[in-house]
Every structure is written in structure tokens, then in C-alpha cells.
Amino acid sequence: MRTLADLARIRNEFGLAPIGGVLWLGVGMLPPKRNAIEIDPAHLPTALDCRAVAGLDVVLLFPGSLTRYGALRTLSDRLYQARPRRLLLVDSDHKRTAFLKLAKA
């Protein structure tokens, strides 16, 4: 699984999801985790590709010093609209986190 489009295909064709339901996404980097995908900030996944995260816990890592705000905003909006179970953004440079979506209690 190298892209969100690959994840969408795997979920649609085989009904599989990442182990533990957690997906790590890295903007311009591959997170050192299982179930990780690198997102090229110059070629963001489409809203359709992002639908692959529906129902998953998504952790989006980004280098705050290098990531353009517009690209981060576009990507986080697309991921949020895809209805993940949880969505957490982590700035790896400034050690800041933001929960954009929490699971329902």
C-alpha cells in the first residue's frame, strides 16, 4: 500500500482495513510506523482517494517548518470530509497536535 488510492482499492476489493484501524500519513515523509503512507505535498490525494480513510483512526504527520498551510488545509479538509473515526494532526517540528475529529463516545 503506497497511496490512498491503493488503500481504497484494497478496502473495496477485499474488504480489508489497516491493522488496528490506524493509518499514519506523512506529508513529504514516510512515518516510521506500520500502516504508513507518504503524501506528496505537490500531488495531494483527491477527495475520492481520501474516502479510503472512512471509519479509520488517521494520524497526519507534517513538518511544520516546511509544509505550506494551503496544502495542509486542503488535505486535512479532504480527510475530514471522508469521515474518519478520528483525525489527529501532528506537527513534527514544533511538537504540536490538533484533534480535528474525535470518536463518538
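Just so you know, residue 1 is the first one in the sequence shown, and it goes up from there.
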Given side chains that start at C-beta, do those of Leu25 and Leu79 come closer than 4.5 Å, heavy atoms only?
yes

Please answer: with hydrophobic residues joined when any side-chain heavy atoms are less than 4.5 Å apart, are [X] and [Y] in the same cluster?
X	Y	result
Val90	Val27	no
Val22	Ile39	no
Trp24	Leu87	no
Leu44	Val53	yes

All heavy atoms of Ala82 vs all of Cys50, minimum pair found to be CB-O, 3.1 Å

Shortest non-hydrogen pair, Met29 vs Ser92, comes out as CE-OG, 3.8 Å

Check your understanding: Counting distance only, does the side-chain N/O of Arg78 pair as donor-acceptor with the main-chain N or O of Pro45 below 3.5 Å?
Key -> yes

Quick one: does Lys101's side chain have a donor or acceptor within less than 3.5 Å of a partner on Tyr80's backbone? no

Once side chain to side chain contact (heavy atoms under 4.5 Å, CB included) is applied, do any residues pair with [X], and if so which ones, sequence neighbours excluded?
X	answer
Ala5	Thr3, Asp49
Arg11	Leu7, Ala17, Leu56
Phe99	Leu88, Leu102
Asp77	Arg73

Tell me if the NE2 atom of His94 is crowded by more than 12 foreign heavy atoms within 6.0 Å. yes

Steps toward side-chain contact (heavy atoms from CB on, under 4.5 Å) verdict (Leu89, Asp91): CA-CA 7 Å; Leu89 274 61; Asp91 181 336; over 6 Å; no

In short, salt bridge (charged side-chain N to carboxylate O under 4.0 Å, His left out) pairs touching residues 27-45 with sequence neighbours left out are none

One should read off an interatomic distance between Arg83 CZ and Arg51 CZ, to the nearest 0.5 angstrom, of 10.5 Å

Please report, to 0.1 Å, the donor-acceptor pairs under 3.5 Å made by any side chain of residues 57-67, with sequence neighbours excluded.
from, atom 1, to, atom 2, distance (Å)
Asp57, OD1, Arg86, NH1, 3.3
Asp57, OD2, Arg85, NH1, 3.4
Asp57, OD2, Arg86, NH1, 3.0
Ser65, OG, Asp93, OD2, 3.1
Thr67, OG1, Pro63, O, 2.8

Grouping ILVMFWY residues whenever side-chain heavy atoms fall under 4.5 Å, the cluster of Leu30 otherwise contains none

